[in-house]
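No experiment lies behind these values; they were computed from the predicted model shown.
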Amino acid sequence: MQLYQNQNIKIYNSLTGEKEQFKSIHEGSVGMYVCGPTVYSNVHLGNVRTFMSFDVIFRYLKYLGYKVRYVRNITDAGHLENDADVGEDRIAKKARLEEIEPMEVVQRYTVDFHNILNTFNFLPPSIEPTATGHIIEQIELIKTIIDNGFAYEVNGSVYFDVHKYNESNEYGILSKRKLEDLIHNTRELDGQSDKKNPQDFALWKKAEPAHIMRWPSPWSDGFPGWHLECTAMSTKYLGEHFDIHGGGMDLKFPHHECEIAQNQAAKGKSPVNYWMHANMLIMNGKKMAKSTGNFILPNEIFTGDNPHITKAFTPSVARFFMLQAHYRSVLDFTNDGLLAAEKGYNRLMEAVKSLSELKISDKSSIDINAWKQKCFEAMNDDFNSPILIANLFEAVKYINQIKDGTVTITKEDLETLTKTINDFTFDILGLKDDTIQTNTGTDKLSGTVELLIKLRQEARANKDFALSDKIRDELAEVGIKLKDGKDGTTFTTN
RNA sequence: GGCGUCUUGGCCGAGUGGCUAGGCAGAGGUCUGCAAAACCUUGUACAGCGGUUCGAAUCCGCUAGACGCCUCCA
C-alpha cells in the first residue's frame, strides 16, 4: 500500500483553467516533462523559482510512492532571437561575443545551471536530454508532420502551417487565443519571410553559411525549430501521451501552444493530461531585467554582493522564501522579504533540532494525526507549500509548548511528529539545515570565545557586571554575539 | 491595441460565501543583574463603487491601479 492511494491530489490544469483530481495514466507511475533552460547565459533567478516549484512537486509525488519519471531538457541548439524569419541565434551570438565555440557556451552555462541547482538542493531529474542529442528524432517528427499535411518546405526550411492546422484543430486551446485575433495583431513583417502566414512557425531552418551549429536533413543543412525539441524528447521518453507538462508561465504561448499543435499534427492526439505553469518572479515590484539593473544572479544571494540586498542569505533561506509563496502566484523578491524569511526559517530549524530533547507523557493534549493529515492536505491541494509551511509553524508552536510543559505528548505521537516534520521540511520542501552552527569547541576561535564566556560567567557570579558587560559588548563589536540560554551561553558569528 | 492574471492588515503572503492562515515587524508577558536571544499571548484586512444573497473579502458588473503575454525568455 503506497501513500498516494490515500491521498487525493488536485492539480490546477492550465488547459481547462480548473483544479482537477489527479489521476495518472498508469497506476503508480507519473511522467512529468518540464521545459528546461536555454544555456546561453547564467541561469536566471526566475528559472530557479520555476524549477524549484517542479522540484517540490517531483519530491512530493515520489514521497507518496509514485514511480516518477521526471524529464527536464537542456536547450543547447541555438534558436533565433525572434520569430520573424531573421536574426541571430542566441548561442551563436554569445559565442561570437565571447570568441568561443558555441558548444563552449553551452558547456559553460550548463555547468553553471547544475551548480546553482545543486546549491539550492534540487534533486536531479530522471532524464536530462539535450536538443542537439535528438536531431534525428526531430527530423523524423518533421517528416511525419509534412506527411500529415500540416507543414510545408520553402527554400530548405520547413514551417508548420498554423492556418491549415486550425481548420481541423484548435490552435490557441491552451493560451485561450483565437487565430483571427493573432492575425489582426501580428506586426508587419518586412516581406522577406518564406512563411505563408506570419503565424506559422519553423520546424526546420536552413542555416546561413556562417552558422556553426548545423546538421544535415532532407531539406537543407540547418537546425531544428525551437518548439520541436520538447515534442521530440517528451515523446521519446514519456510517450505520445503523458501526465504532467510544466514550465514557466511565459512559455504558455507560443511554446506550449506549438507543442500541442505539433503533437496533434504528428500523432493526432493531445500530448498531456495536466499542463502546469509556474508564475513569474519579479523584484521590488518590477520585472527583473538586466538592462534596467533590476536584476540579481542566484550566486549573488549567497555572497550578498548585489545592491538590492543588504546581506548574504543561505540557499535554504532563499528556498524557504520562495516556497512561502504558491507557485501560481507572482512572487516579489525583496530584501525585506528575505530578511523576514530568514528569521522564520531559523525558528523552524531550531524547533526541529530540539525535537529529540522533548519530554514524553502518558497522554497527548494535541491531535498529532489530525495535524499530520493537514500537512498532506496542503500539498494535495495543488501543491500548496505556503499552507504546508503554516502547518509546520503550528508544529513549531507545539514543540515549544511541550518544552514549556503547557502541552503534553506521548512517545508514539512524538515519533509521528518527528517523522512528519522532518519528512515535509527536508524531503518534500527540500530544505537543509544551514543555520549558523553554534560553538562546538573544535577550532581556535571557539576555544577562545569559550574562555571569554567562562570569564564572563565568573564576573557575573561575582556581580562584577561592568566586566561581564564589557566582554559581551566588545565581542559584539567584532561580530560575536553571545546568547544566554537555560543551559549556558552560546555564541554566533556573522 | 488584443488576450490573460492580480489588487488582502506596517511589510511579505495563503485562503474560503457565514468559522484563527502563517511568517516578519509592533504591543504585552516569561526568563535575565540589566539587556540581547529564546519562548508564550495578542490588535489591525480584504482597491473603489454598484449588484446577487438571510449573509461576500470570497459570486457578478463597472471604475482605478499593478503585472504578465502578444517579440527571445522559466
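- The CG-P distance, from A:Asp250 to B:C3, rounds to 21 Å in whole Å.
- Partner assigned to B:C39 is B:G29, using Watson-Crick or G-U wobble distances below 3.5 angstrom.
- Rounded to a whole angstrom, the distance from the C1' atom of B:U8 to that of B:C12 is 11 Å.
- Of the candidates A:Tyr12, A:Phe383, A:Phe242, A:Phe22, A:Phe22 is the only one forming a ring pair (Phe, Tyr, Trp, His ring centres under 6.0 Å) with A:Tyr274.
- For a distance-only test at 3.5 Å, the side chain of A:Arg472 fails to qualify as a donor-acceptor partner of the base of B:A36.
- Remark: C1' of B:C69 and NZ of A:Lys176 are 14 Å apart, rounded to the nearest angstrom.
- Counting to the nearest Å, the P atom of B:U20 and the OH atom of A:Tyr398 are 14 Å from each other.
- Here, B:C72 and B:U20 have their C1' atoms 46 Å apart, quoted to the whole Å.
- Comparing B:G13 with B:C49, their P atoms sit 25 Å apart, to the nearest whole Å.
- In this structure, A:Phe393 reaches the sugar-phosphate backbone alone: every heavy-atom distance under 4.0 Å involves primed, P, OP1 or OP2 atoms, never a base.
- Ring-to-base geometry does not place A:Phe51 in a stacked arrangement with B:A74 (centre distance under 5.5 Å, plane angle under 30° required).
- In this structure, A:Leu388 atom CG and B:G13 atom C1' are separated by 15 Å, rounded to whole Å.
- Nucleotides B:G43 and B:A21 have their P atoms positioned 10 Å apart, rounded to a whole Å.
- Residue A:Arg328 contributes atom CZ, which lies 17 Å from atom P of B:G4 at whole-angstrom precision.
- Between the base of B:A35 and the side chain of A:Asp484 there is a donor-acceptor pair shorter than 3.5 Å.
- When the P atom is compared between B:A56 and B:A47, the two are found 15 Å apart, to the nearest whole Å.
- A salt bridge does not link A:Arg347 with A:Glu350: none of the charged nitrogens is closer than 4.0 Å to a carboxylate oxygen.
- If you check every strand for non-hydrogen atoms under 4.0 Å, A:Gln401 touches sugar and phosphate atoms only.
- Put simply, CE on A:Met379 and CD1 on A:Ile387 are 11.5 Å apart, with the number rounded to the nearest 0.5 Å.
- Contact annotation for A:Gly247: backbone-only contact, meaning every heavy-atom pair under 4.0 Å involves sugar-phosphate atoms and none involves a base.
- Taking atom C1' on both nucleotides, B:C39 is separated from B:C54 by 45 Å, rounded to a whole Å.
- Remark: A:Arg319 qualifies as a cation-pi partner of A:Phe122 under the 6.0 Å distance and 45° angle criteria applied to the six-membered ring.
- Using a cutoff of 4.0 Å between basic side-chain nitrogens and carboxylate oxygens, A:Lys374 and A:Asp367 are not scored as salt-bridged.
- Proximity of A:Asn384 to the phosphate of B:A14: no side-chain N or O atom is located under 4.0 Å from OP1 or OP2.
- Nucleotide B:A45 forms no Watson-Crick or G-U wobble pair with any nucleotide shown, as no partner meets the under 3.5 Å limit on both distances.
- Close to B:U32, at under 4.0 Å from its OP1 or OP2, lies no side-chain N or O of A:Arg456.
- The nearest whole Å value for the distance from the CZ atom in A:Phe321 to the C1' atom in B:C11 is 11 Å.
- For the pair A:Asp469 and A:Arg460, the salt-bridge criterion is not met [side-chain N within less than 4.0 Å of a carboxylate O].
- Residue A:Lys343 places at least one side-chain N or O under 4.0 Å from the OP1 or OP2 atom of B:A25.
- Spacing between B:C31 and B:C40 at atom P, rounded to whole Å, works out to 16 Å.
- A:Lys372 NZ: 12 or fewer foreign heavy atoms inside a 6.0 Å radius.
- Side-chain proximity of A:Ile387 to B:A35, B:A21, B:A74: nearest is B:A21.
- A:His326 has its NE2 atom 10 Å from the C1' atom of B:A14, to the nearest Å.
- For the P atom pair drawn from B:G28 and B:C62, the interatomic distance equals 48 Å after rounding to whole Å.
- A salt bridge is defined here as a Lys NZ or Arg NE, NH1 or NH2 lying under 4.0 Å from an Asp or Glu carboxylate O, and A:Arg177 with A:Glu257 fails to meet this definition.
- Backbone-only engagement by A:Ala325 is indicated by non-hydrogen atom pairs under 4.0 Å involving sugar-phosphate atoms exclusively.
- Residue A:Asn391 places no side-chain N or O under 4.0 Å from the OP1 or OP2 atom of B:G22.
- For A:Asp381 and B:G15, a side-chain-to-base donor-acceptor distance below 3.5 Å is absent, hydrogens and geometry of angles not being considered.
- When the side-chain nitrogen and oxygen atoms of A:Arg347 are compared with OP1 and OP2 of B:G23, one or more of them lie within a distance under 4.0 Å.
- Of the two residues near RNA chain B, A:Tyr345 and A:Lys286, the one whose nearest nucleotide lies more 5' is A:Tyr345.
- Looking at heavy-atom distances under 4.0 Å, A:Lys397 makes contact with sugar-phosphate atoms alone, never a base.
- If you measure from atom CG of A:Leu281 to atom P of B:G13, you get 10 Å, rounded to the nearest angstrom.
- Across the strands present, B:G1 finds its partner in B:C70; the criterion is a Watson-Crick or G-U wobble pair with both atom distances under 3.5 angstrom.
- Of the candidate nucleotides B:A35, B:C24, B:A74, B:C24 has the atom nearest to the side chain of A:Ala340.
- The side chain of A:Asp332 sits closest to B:G13 out of B:G13, B:C69, B:A74.
- In this model, the phosphate group of B:C40 is not approached by any side-chain N or O of A:Lys403 to a distance below 4.0 Å at OP1 or OP2.
- Using a 4.0 Å heavy-atom criterion, one finds that A:Gly246 contacts no nucleic acid atom at all.
- Candidate nucleotides B:C69, B:C40, B:U16 were compared by shortest atom distance to the side chain of A:Lys19, and B:U16 ranks first.
- Shown are A:Tyr327, A:Phe113, A:Tyr70; of these, the ring pair (Phe, Tyr, Trp, His ring centres under 6.0 Å) with A:Phe51 is made only by A:Phe113.
- Within the shown strands, B:C24 is the pairing partner of B:G10 under the Watson-Crick or G-U definition, both distances less than 3.5 Å.
- The residue among A:Cys35 and A:Ser329 whose nearest nucleotide of RNA chain B is located toward the 5' end is A:Ser329.
- B:U58 makes up no base pair with any nucleotide shown, lacking Watson-Crick or G-U wobble contacts both under 3.5 Å.
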